[in-house]
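In this chain, numbering begins with 1 at the start of the sequence shown. Atoms within each ligand, like the ligands themselves, are counted from 1 in listed order. The structure presented is a predicted model; accordingly, all values stated were derived computationally and were not measured.
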Amino acid sequence: MAHDHDPAHAEPGAYDFAAIQAKWLPVWDELQPFRAGASGDTRPRKYVLDMFPYPSGDLHMGHAEAFGFGDIAARYWRHQGFDVLHPIGWDSFGLPAENAAIKRGADPREWTYANIAQQKASFRQYAPSFDWSRELHTSDPEYYKWNQWLFLKLYEKGIAYRKAGQVNWCPNDQTVLANEQVVDGHCERCGAVVTKKALTQWYFRVTDYADRLLDDLNQLEGTWPSKVVSMQRNWIGRSAGADVEFEIEGREGRVPVFTTRPDTLYGATFMVVAVDSDLAAELAGGASAEVRMHFQDYLDSVRAETDIERLATDRPKTGVFLERYAINPLNGERLPIWASDYVLADYGHGAIMAVPAHDQRDLDFARAFNLPVRVVVDTNAPVTGVIPVIPVDENGVPYLPEDVPALDPAGTGVALTGEGRLINSGPLDGLSKSNAIRRAIEILDERGTGHAAKNYRLRDWLISRQRFWGTPIPIIHCADCGEVPVPESELPVRLPDAAGLDLTPKGTSPLGGAGAWVNVACPNCGGAAKRDSDTMDTFVDSSWYYLRYLNANDDSQAFDPSEAEKWAPVDQYVGGVEHAILHLLYSRFITKVLFDLGYLGFTEPFTSLLNQGMVLMDGSKMSKSKGNLVEFASELAAHGTDALRVTLAFAGPPEDDIDWADLSPVGSAKFLARAWRIAGEVASSPDVDWSTGDRALRRITHRLLADAPGLAEAYKFNVIVARLMELVNATRKAIDSGPGASDAAVREAAEVTAMLLDLFAPYTAEDMWQRLGYEPTIALVPWRKADPALLIEEQVTAVVQVDGKVRDRLQVSPKISGDELEQLARASEAVTRSVGDREIVNVIVRAPRLVNIATRG
Ligand code: ANZ
Ligand code: ZN
């Protein structure tokens with residue numbers, strides 16, 4: 001307990017970070033300066049949020065960086081006079097706890113809460129200005145109760161539903177994965193190749209929100225990193241086109257296909273259905289025994305493929321002819337129907353019209369199986385509004401090509417995908433591509449065989465997991481009543497004890513093995529029933545946590561809409577770009593759902609977003625196995641919180657990756673010591689009149705005061721640190737070789753340094769504040785206003801002579817260039833008058849003081 005560094009015993013005049021930390025932490029605990037939302041507080045509000053950590057061990061350097069940036073924002077707004085909400089919690093459900101528990105035969109709960117305690121202790125030392133009274137853990141029943149509440153609200157609205165389907169399956173973790181958790185065909189967590197499995201699972205209907213999720217991105221343009229906005233756009237992946245309905249010979253009903261190119265309908269020469277679709281199975285079922293066998297073998301081989309492989313353009317095309325024909329609704333042609341893997345069962349309608357002349361994959365397929373290719377867009381024909389590419393020779397001179405390229409995709413193997421005019425297309429002939437798309441849709445509409453349609457890459461969000469350490473899904477399955485929601489009054493459905501349960505992944509949820517927990521009476525009929533034994537994806541937990549912070553200790557509601565009205569949406573969100581898609585998309589979706597349900601008055605959760613870069617070591621990502629891990633705890637012990645934080649802030653723009661090997665926490669500590677010593681040397685009293693101080697030093701101080709808000713709001717934290725270093729140097733000079741330590745400007749500079757340093761180095765700043773004669777805490781000191789009089793650039797007098805006589809005096813900037821000064825001189829009325837119509841033969845300029853003009857005539 002007793003700290004070695006007793007401030008009383010520290011060498012006088014020495015900067016001792018450990019002593020300063022030990023001194024101020026208990027004071028802040030006592031004063032609680034970071035509590036937000038006190039009753040009667042009339043300050044305007046800001047909500048600054050850091051993406052909450054997963055408790056996977058101690059904090060690491062990445063946390064140090066990200067939470068450092070979040071805290072700069074929080075402290076900045078507090079100095080600007082805002083009541084700042086800056087909460088912290090833990091995203092504490094999830095697989096790592098469970099896997100660790102399986103490996104060590106421990107309880108996931110113990111592992112999780114022990115790690116939280118460790119991270120919390122580190123956070124306390126690191127001292128972000130958190131409002132600890134709102135601390136939450138998603139694995140607490142007090143939290144996940146409200147996940148269950150949210151689920152039931154979505155269930156009532158039909159947004160949560162269960163369906164059977166082919167789902168992504170990780171054979172290693174033995175659980176399903178959302179599309180978003182499959183990265184290049186591999187499990188996001190463990191890297192195993194993801195396969196498909198037929199399962200009945202719970203989904204959230206995020207596709208119903210696809211248009212709004214896409215369109216509302218416009219609101220975030222400029223305040224979110226543009227990369228994240230475009231990643232969200234691509235993930236939603238909206239394409240516009242048409243659904244076209246085809247009849248199939250010898251079959252009732254029509255089959256829709258989605259196409260972005262209804263203009264090419266006359267060029268369709270075959271149809272392809274996804275080999276793993278219901279339609280393929282149905283059509284193959286009616287084919288010859290030989291085809292049926294062939295089809296089955298093919299299907300078995302495709303099941304092992306990933307979607308990435310299926311869509312790759314550089315693989316040989318494979319498929320099976322199903323001995324059936326579709327009828328083209330525009331021209332009545334018979335199109336042979338094939339089954340292939342390159343059409344996906346769950347995109348569009350799982351079937352396509354193949355137009356090999358104008359689609360590369362269709363062309364590859366046609367060439368592999370000798371199917372006809374018909375050109376319907378003349379891509380050589382000029383189209384107005386499209387600038388043709390005119391070829392140039394080796395000298396850059398444009399020339400007219402002698403022979404236009406042949407329209408022969410079947411021969412060249414290259415599909416014609418460009419603009420052009422329609423040919424071989426009956427009523428569409430002569431139209432440009434976009435006009436033909438419009439006209440084709442009109443014709444389909446008239447005949448009732450198709451209509452305009454949109455399609456999305458986005459799938460519904462699969463939220464059920466066959467694992468233990470998550471939120472139980474609050475549904476009871478009854479043989480008579482079906483799915484019965486657990487009544488709200490019975491929430492939370494608590495997790496059973498892990499002890500006695502086999503957590504090893506087996507493909508079904510471990511909760512299913514908790515007999516006493518699973519077997520319950522149906523809330524509806526009282527008969528024997530079973531609890532749903534799946535748990536929720538942990539992205540459900542983090543989709544609304546920003547609202548729970550508003551009243552984290554309220555056990556009567558998930559969040560308080562009136563608090564949301566006051567604080568939300570989040571003004572500044574800070575976190576890693578790894579959450580660019582999943583977490584942000586799901587939070588945006590849930591926010592829109594809660595808006596629709598009337599709980600919120602806004603539709604986007606995070607107004608501004610900052611993605612911090614990575615902290616690298618020796619050029620690569622830190623990892624234990626690579627041996628380049630820089631441990632947060634040991635850096636903290638060696639250099640202290642403030643030096644660590646200043647180093648990370650000073651390293652570069654926050655969005656950039658930084659390399660710890662290039663940085664100097666020792667240099668940062670020296671800078672802090674210089675600043676701290678100055679505070680001790682100030683020899684004037686706090687009530688000294690600043691305006692009497694040295695003007696040169698005052699001007700440096702006030703320029704920083706004026707520039708810092710713009711810099712802080714543009715995340716140029718590194719520039720503020722650099723400017724602070726400049727100010728500290730100037731103050732040192734003023735003390736040693738200028739007006740001296742008793743000058744008022746020295747006190748002013750030291751006070752402003754302390755206030756700005758609070759954004760980066762809160763302990764040092766607080767201690768400086770005390771040395772300057774004030775009470776804690778500096779965190780609440782209002783921003784000092786820059787004095788405009790000190791911002792105006794000082795002017796010097798430039799003398800203008802004509803033939804040796806002074807003719808004018810100009811007030812100019814001391815930094816004026818020779819050219820500029822000469823121009824001003826020549827433009828002077830007094831000068832032109834005295835030059836008259838004589839010829840100027842020589843001009844000598846000595847900026848900023850003198851211009852000498854010689855004339856003749
Ligand atoms: C005919 C056509 C002609 C097409 C042409 C393209 C060019 P995006 O933009 O990604 O939405 N398609 C439709 N459903 C498919 C599925 N389940 N699996 C694989 N491909 C599918 O792409 C839409 C286009 O992708 C559709 O337009 C369809 O091919 C194909 F010159 O129809 B197109
Ligand atoms: Zn029942």
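Angle SG(C478) to the Zn ion (ligand 2) to SG(C525), rounded to 10°: 110°.
Nearest protein neighbour of atom 18 (N) of ligand 1, counting heavy atoms only, is L344 N, 3.0 Å. Remark: minimum distance from atom 19 (C) of ligand 1 to any protein heavy atom is reached at Y342 O, 3.5 Å. Of the protein's non-hydrogen atoms, T260 N, 3.0 Å is the one closest to atom 27 (O) of ligand 1. Remark: minimum distance from atom 10 (O) of ligand 1 to any protein heavy atom is reached at Y347 OH, 3.3 Å. What sits closest to atom 5 (C) of ligand 1 on the protein, heavy atoms only, is R261 CG, 3.5 Å. With respect to atom 31 (F) of ligand 1, the closest heavy atom belonging to the protein is H358 O, 3.0 Å. If you check which protein heavy atom lies closest to atom 28 (C) of ligand 1, you get F258 O, 3.8 Å.
Taking the six-membered ring where the residue is Trp, H477 and W202 present tilted rings, their angle falling between 30° and 60°. In this structure, W338 and F369 have tilted ring planes: the angle between them lies in the 30° to 60° band. Between W461 and F589, the two ring planes are perpendicular [angle over 60°; tilted spans 30° to 60°].
In this structure, Q219 contributes its side chain and E604 its backbone to no donor-acceptor pair below 3.5 Å.
In this structure, the side chains of K454 and D211 come closer than 4.5 Å at one or more pairs of heavy atoms. Taking the side chain as every heavy atom from C-beta outward, R261 and V377 approach each other to under 4.5 Å.
For ligand 1, the atoms sitting less than 4.0 Å from at least one non-hydrogen atom of S239 are 8 (P), 9 (O), 11 (O), numbered in the order shown with element in parentheses. Less than 4.0 angstrom separates some heavy atom of M353 from each of these atoms of ligand 1: 1 (C), 32 (O). For ligand 1 and I352, the ligand atoms under 4.0 Å from any heavy atom of the residue are 12 (N), 13 (C), 14 (N), 15 (C), 21 (C).
With a heavy-atom cut-off of 4.0 Å, T264 touches ligand 1 through its side chain alone.
L217 CG to M231 CE: the interatomic distance, rounded to the nearest 0.5 Å, is 12.5 Å.
Summarising the local packing, CG of D278 is surrounded by 12 or fewer heavy atoms from other residues, nucleotides or ligands at distances under 6.0 Å. When the shell of 6.0 Å around CD of E290 is examined, it contains 12 or fewer heavy atoms from other residues, nucleotides or ligands.
For ligand 1, none of its N or O atoms has an N or O atom of D359 under 3.5 Å away. Considering backbone and side-chain N/O atoms, V355 never comes within less than 3.5 Å of an N/O atom of ligand 1.
Distance check on atom 25 (O) of ligand 1: every protein heavy atom falls at or beyond the 4.0 Å cut-off.
Under 4.0 Å is where a charged nitrogen must lie from a carboxylate oxygen, and between R233 and E221 at least one such pair does.
Heavy-atom proximity to atom 33 (B) of ligand 1, evaluated over D341, L363, T259, is greatest for T259.
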